[in-house]
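Both counts, for ligands and for their atoms, begin at 1 and track the order of listing.
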Amino acid sequence: MRFLVSAGPTREHIDPVRFLSNRSTGRMGFAVAAAAAAAGHTVTLVTGPVALETPPGGIRRVDVISARDMLAALQEHLPETDVLVMTAAVADWRPRHTAGAKLKKAAMNPVIELEPNPDILATLAQAKAGRTFVGFAAETGDPLPEARRKLIAKGLDLIVANDVSRSDSGFAVDTNRVTLIGADGTFAPLPLLTKHEVACEIVKWCETRRGTQT
Ligand code: CTP
């Protein structure tokens with residue numbers, strides 16, 4: 001199968017040296033890419049700025065900065081995709097104005113005006129056809145109600161719900177405690193696993209769903 005995986009944060013620049021972003025390190029997305037490649041699948045990995053080496057297995061890597069760059073890269077690669085896994089922590093907002101040169105402190109407005117970024121999954125869902133779409137719901141507190149809402153609102157086949165307020169789960173740690181919730185009725189609370197193990201579970205779910213191993 002052909003996997004398209006997004007990973008990492010996006011950066012929304014205020015000027016060439018300042019940006020809005022989030023705590024994502026890309027580890028979960030890179031683990032999904034690695035697990036899919038190790039299982040013999042073709043993998044394209046579209047990643048925001050992260051400090052990670054591309055995993056082995058012939059993964060095609062596309063580096064992007066902003067949410068709009070990520071959307072454009074994913075749109076370009078979607079036609080040759082069977083399974084999309086959106087682990088990226090996409091910035092929901094960007095500054096309305098990006099300065100071309102570093103802003104001087106004295107010239108800066110203490111209020112930054114924002115405008116919304118596109119919802120990448122919802123945009124790609126318009127061209128979903130027979131593809132399998134997997135999303136993540138990173139929440140602080142019980143992630144299940146929001147995960148179920150996003151599963152439907154974003155037209156997903158599977159959502160991976162995780163509570164990022166726990167110290168052993170979510171951003172910048174090697175483990176994750178997630179629940180897989182599928183549009184097909186899948187409800188699988190997984191124990192505390194490494195991100196590699198979580199990634200293998202996601203890849204296995206996609207293989208079963210599509211009825212093929214490669
Ligand atoms: N996502 C996306 N485009 C965005 C924001 C999020 O495609 N602009 C994707 C993420 O990659 C993830 C899923 O949508 O797979 C859920 O992301 P999340 O940040 O939890 O949801 P939001 O839609 O941003 O909702 P909220 O901020 O209300 O929690």
Check whether more than 12 heavy atoms from other residues, nucleotides or ligands sit under 6.0 Å from atom CD of E115, and answer yes or no. yes
Tell me which residues fall inside the under-4.0 Å heavy-atom shell around ligand 1. M86, A88, V90, D92, P118, D119, I120, L121, G135, F136, A137, A138, R149, K150, K154
R96 bridged to E113 by N-O distance under 4.0 Å: yes
Under the side-chain hydrogen bond (donor to acceptor under 3.5 Å, both in side chains) test against D174, which residue among R27, H196, K195 passes? R27
side-chain contact (heavy atoms from CB on, under 4.5 Å) evaluation trace for R2 with V83: CA-CA 6 Å; R2 298 164 301 174; V83 177; over 6 Å; no
Step through the shown structure and confirm whether more than 12 heavy atoms of other residues, nucleotides or ligands are within 6.0 Å of CZ on R68. no
To which residues is I159 joined in a hydrophobic cluster, defined by side-chain heavy-atom contacts under 4.5 Å among Ile, Leu, Val, Met, Phe, Trp and Tyr, whether direct or through other members? L4, V46, V62, V64, M70, L71, L74, L78, L84, M86, V90, I120, L121, L124, F133, L144, L151, L156, I181, F187
